[in-house]
Amino acid sequence: YGTIKAWLGGKGAIEGSSIAVAGLIGTDTKNLSPTTNSTTGVVTPGSVAENSFWRVGPALNIRYNGATDLQVAYFVGSDDNWTLVAADGTKVRVDFKGLSAIIGHWLSTHWWAAAQYDWVDSDDDTLDFQKGTLSVYYFPRQNLRIGLIGRADLDDTGEKVHEVTGSIRTMF
């Protein structure tokens, strides 16, 4: 895993802005079920399934006057044995890509609001989604956040699942 990041703007209106690229490459493994000989009782270890994978994700954060943030991230990746079941060399390859963008703004010293868009397109259709989210948070103290989040399902296929949730978070 690695990340390269550069800060943009120095002092001024876009102080705190950055651009980055993160990358990940690796292999997952899974032991498959051993077999037992019914006559001798000898257990033969199962084979090992491997999933070789990689991901790359460039991202941009533009901070404007310390009160507004625009963040955009794209990612692309591939898994060569997504389900970790193909021990016979048969690959279950899944390629995917996605985009996430959020704009958030401090309305005052205690109120923050944001709009977010998320999209994933994958060879495994169960992973595909497209959602829009609106959030508003109240910060009565620096370490306490209370929020209301609404998420709209924007997919053209399948059942629409919209969500409304609340959130309370504190840090000590």
Side-chain angles (χ1 to χ4, degrees), residues 1-28 30 51 53-79 82-84 92 94-172:
Y1 177 82
T3 301
I4 298 172
K5 183 174 185 174
W7 295 99
L8 305 174
K11 301 281 184 194
I14 63 168
E15 181 179 0
S17 299
S18 64
I19 188 167
V21 176
L24 173 70
I25 189 168
T27 301
D28 292 330
K30 175 183 175 184
N51 171 34
F53 60 87
W54 62 268
R55 285 114 172 84
V56 175
L60 173 69
N61 177 27
I62 300 295
R63 178 164 292 157
Y64 183 71
N65 285 335
T68 303
D69 274 289
L70 171 65
Q71 300 170 356
V72 179
Y74 178 79
F75 66 91
V76 62
S78 182
D79 285 77
W82 175 248
T83 57
L84 277 174
V92 183
V94 174
D95 296 322
F96 51 88
K97 59 190 171 200
L99 175 77
S100 184
I102 184 171
I103 186 162
H105 180 74
W106 284 99
L107 304 171
S108 70
T109 57
H110 294 286
W111 289 94
W112 184 79
Q116 182 171 335
Y117 173 77
D118 297 293
W119 167 78
V120 173
D121 180 35
S122 172
D123 292 342
D124 181 346
D125 293 339
T126 64
L127 302 175
D128 292 355
F129 68 89
Q130 185 175 205
K131 298 188 179 195
T133 305
L134 296 176
S135 307
V136 63
Y137 288 96
Y138 175 64
F139 292 78
R141 301 170 47 116
Q142 286 184 349
N143 68 338
L144 179 60
R145 176 178 81 184
I146 302 167
L148 181 63
I149 304 102
R151 178 172 268 186
D153 185 342
L154 304 174
D155 277 330
D156 291 334
T157 60
E159 180 183 354
K160 296 279 187 189
V161 178
H162 305 297
E163 306 164 75
V164 175
T165 59
S167 168
I168 298 175
R169 181 178 173 186
T170 186
M171 297 182 289
F172 297 98

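Starting from 1, each residue takes its place in the sequence as its number.
- The backbone N or O of Lys160 lies less than 3.5 Å from no partner atom in the side chain of Asp153, so there is not a single donor-acceptor pair.
- Side-chain atoms of Asp128 and Ser122 include no donor-acceptor pair closer than 3.5 Å.
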Given side-chain hydrogen bond (donor to acceptor under 3.5 Å, both in side chains), test Arg151 with Thr133 step by step and report yes or no.
CA-CA 4 Å; Arg151 178 172 268 186; Thr133 305; 3.0 Å; yes

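- When all heavy atoms of Val76 and Trp54 are compared, the pair lying nearest together is O-CZ3, 3.6 Å.
- For the pair Tyr117 and Leu154, the minimum side-chain heavy-atom distance is below 4.5 Å.
- One distance of note links CD1 of Ile14 with CZ of Arg63; it measures 11.5 Å at 0.5 Å rounding.
- The two atoms that bring Ser78 and Asp95 nearest to each other are OG-OD1, 2.6 Å, heavy atoms only.
- Here the OH atom belonging to Tyr1 is positioned 14.5 Å from the CD1 atom belonging to Ile25, to the nearest 0.5 angstrom.
- Contact between Ile146 and Pro140 at its shortest, heavy atoms only, is CD1-CG, 4.3 Å.
- By the 4.5 Å heavy-atom criterion applied to side chains, Leu144 and Tyr138 are not counted as neighbours.
- Nearest heavy atom pair, residue Phe139 against residue Trp112, reads CE1-CB, 4.0 Å.
- Take Arg55 and apply the salt bridge (charged side-chain N to carboxylate O under 4.0 Å, His left out) test, not counting sequence neighbours, and it matches Asp79.
- Closest heavy-atom contact between Gly16 and Asn61: O-ND2, 3.9 Å.
- Formation of a donor-acceptor pair under 3.5 Å by the Asn143 side chain with backbone atoms of Thr170 is not found in this model.
- Distance alone, capped at 3.5 Å, places no donor-acceptor pair between the His162 side chain and the Ala152 backbone.
- Heavy atoms of other residues, nucleotides or ligands lying less than 6.0 angstrom from OH of Tyr64 number 12 at most.
- Nearest heavy-atom pair across Trp7 and Ser18 is CE3-CB, 3.8 Å.
- If you check the side chains of Thr126 and Asp124, you find a donor sitting under 3.5 Å from an acceptor.
- Rounding to the nearest 0.5 Å places CD1 of Ile62 at 5.5 Å from CG of Leu8.
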